[in-house]
Trainee: 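Starting off with a structure, shown below.
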There are 2 protein chains.
Amino acid sequence: MKIGDLAAKTGVAPRLLRYYEEVGILHPFRTGNGYRTYGEPAIDRVLQIRELLETGFTTEMIREVLPCLEAAKEETPAPACPTVKDLDGLRHQLSSIERRIDVLQRNRNAIERYLRAWEDALAAAPTAADGIPGPVAE
Amino acid sequence: MKIGDLAAKTGVAPRLLRYYEEVGILHPFRTGNGYRTYGEPAIDRVLQIRELLETGFTTEMIREVLPCLEAAKEETPAPACPTVKDLDGLRHQLSSIERRIDVLQRNRNAIERYLRAWEDALAAAPTAADGIPGPVAE
DNA sequence: CTTGACCTTCACATTAATGAAAAGGTTTAG
DNA sequence: CTAAACCTTTTCATTAATGTGAAGGTCAAG
């Protein structure tokens, strides 16, 4: 699969696919003439990269966790041997992810409460709506 | 409270506090001589800004959700009146946050599985550890 | 051969964050 | 009161990360 095909199948611009290679999170083969070629798994990989980036991961974090995320999908115990240091890095990533889940859940709950309160209020009296909390000094 | 005090209490550099004002997520008062002054709530606000930024929010998203996050903390139903358009924006933020929670939970689970598998394997045979999955072309 | 896809390379845009200069306000010791 | 030390102000510039655009050249299919 050439870069244009992968771009079409993932919705990610060729230019960006080259960038992902540059930062070491995507590793295409090369044909004799220098063209990048990608296998089928690259499609899922690119989609997962997008997902992780949109969720706030950096390319560096992705470079660290992506191999293990893909290994974790297989039914075989693990196709590759991480170092003790690698495992420590993963444990660190894990707790960072858990902290972020906490933050997101807390804020999701707050926004839900706020929305629910206003939806109820507007349903009761659909005449009172104007201006957001507004710039109040702190 | 002057900017240096707030910086000391939050661990966020004065320079960065001015930046947060510039991008519209922090709104200090001004004293006669032009100095910024902050109230006590600014401490929590800054800490929450840091938390949200580290979790992947942009300053633009924060500008949109922060007023409602603070409103949601009060016991009174809601101190300010959002527009229908504001509520739509919040609903959009909400689903975006939920998507991100999903992504994080999926990846947390995958990393946990991977870690557990290797911790078990290493506990059983502490002799086999070397090299992470390694760069394999895709 | 012309067309379109690919290659590399350089440059640019945006966001979050920081550095530094230059000028002025505030505080405290003498 | 003065002077030194310190804090704030604005402004211009810069860094790192993610992402794009475009020029100039190569490759391959019609």
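Here the structure is a predicted model, which means the values were calculated and not measured. A, B, ... follow the sequence lines: proteins, then strands. Residue 1 opens every chain.
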Trainee: Across nucleotides 14-26 of chain C, 5' to 3', mark each nucleotide with B, S or - according to how protein heavy atoms within less than 4.0 Å reach it.
Mentor: --BBBBB---BBS
Trainee: Measure the shortest side-chain to side-chain distance between B/T59 and B/I49 over non-hydrogen atoms and say whether it is less than 4.5 angstrom.
Mentor: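 Of all side-chain heavy-atom pairs linking B/I49 with B/T59, none is under 4.5 Å.
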Trainee: Between atom CD in B/E22 and atom P in D/dT9, what is the gap in whole Å?
Mentor: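 About 13 Å, once rounded to whole Å.
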Trainee: Going by number, which of residues 93-105 of chain B have a non-hydrogen atom under 4.0 Å from DNA chain D?
Mentor: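 Nucleic-acid contacts, sorted: none.
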Trainee: Return the value, rounded to whole Å, for the distance between atom CD1 of B/I3 and atom C1' of D/dT10.
Mentor: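 Roughly 12 Å, once rounded to whole Å.
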Trainee: Check the pair B/I3, B/Y35 against side chain to side chain contact (heavy atoms under 4.5 Å, CB included), reporting the backbone distance first and the verdict last.
Mentor: CA-CA 8 Å; B/I3 198 171; B/Y35 283 20; over 6 Å; no
Trainee: Return the set of residues passing side chain to side chain contact (heavy atoms under 4.5 Å, CB included) with B/D120 (not counting sequence neighbours), or none when no residue passes.
Mentor: B/R116
Trainee: For A/L52 and D/dT18, what is the distance between atoms CG and P respectively, to the nearest whole Å?
Mentor: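 Distance check: A/L52 CG to D/dT18 P gives 12 Å.
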Trainee: Quickly work out the B/Y38 OH to D/dC7 P distance and round it to whole Å.
Mentor: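 So the two atoms are 16 Å apart, to the nearest Å.
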Trainee: Could you list the donor-acceptor pairs under 3.5 angstrom formed between side-chain atoms of residues 98-106 of chain A and any protein atom two or more places apart in sequence or on another chain?
Mentor:
unit_1, atom_1, unit_2, atom_2, d
A/R100, NH2, A/T55, O, 2.7
A/R106, NH1, B/E51, OE1, 3.2
A/R106, NH2, B/E51, OE2, 2.9

Trainee: Does a nitrogen or oxygen in the side chain of B/R18 sit under 4.0 Å from OP1 or OP2 of D/dT8?
Mentor: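 No, no such contact exists.
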Trainee: Is the closest side-chain heavy-atom distance between B/V65 and A/N107 below 4.5 Å?
Mentor: no
Trainee: Provide, to the nearest angstrom, the distance between the CZ atom belonging to A/R63 and the P atom belonging to D/dA17.
Mentor: 10 Å
Trainee: List, one per line, each side-chain donor-acceptor pair under 3.5 Å for residues 87-95 of chain B, sequence neighbours excluded.
Mentor:
unit_1, atom_1, unit_2, atom_2, d
B/D88, OD1, B/R91, NE, 3.4
B/D88, OD1, B/R91, NH2, 3.1
B/R91, NH1, A/E119, OE2, 2.3
B/Q93, NE2, B/E64, OE1, 2.9
B/S95, OG, B/H92, O, 3.0

Trainee: Is there a side-chain contact between B/T37 and B/M1 in this structure, where contact means two heavy atoms from C-beta onward sitting under 4.5 Å apart?
Mentor: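 Side chain of B/T37 against side chain of B/M1, heavy atoms only: no contact under 4.5 Å found.
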Trainee: Would you mind writing out the side-chain donor-acceptor pairs for residues 15-24 of chain A within the sub-3.5 Å range, not counting sequence neighbours?
Mentor:
unit_1, atom_1, unit_2, atom_2, d
A/Y20, OH, A/R50, NH1, 2.5
A/E21, OE1, A/R36, NE, 2.5
A/E21, OE2, A/R30, NH2, 3.2

Trainee: In whole angstroms, how far is the C1' atom of C/dC6 from the CG atom of A/L17?
Mentor: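 In whole Å, C/dC6 C1' and A/L17 CG are 13 Å from each other.
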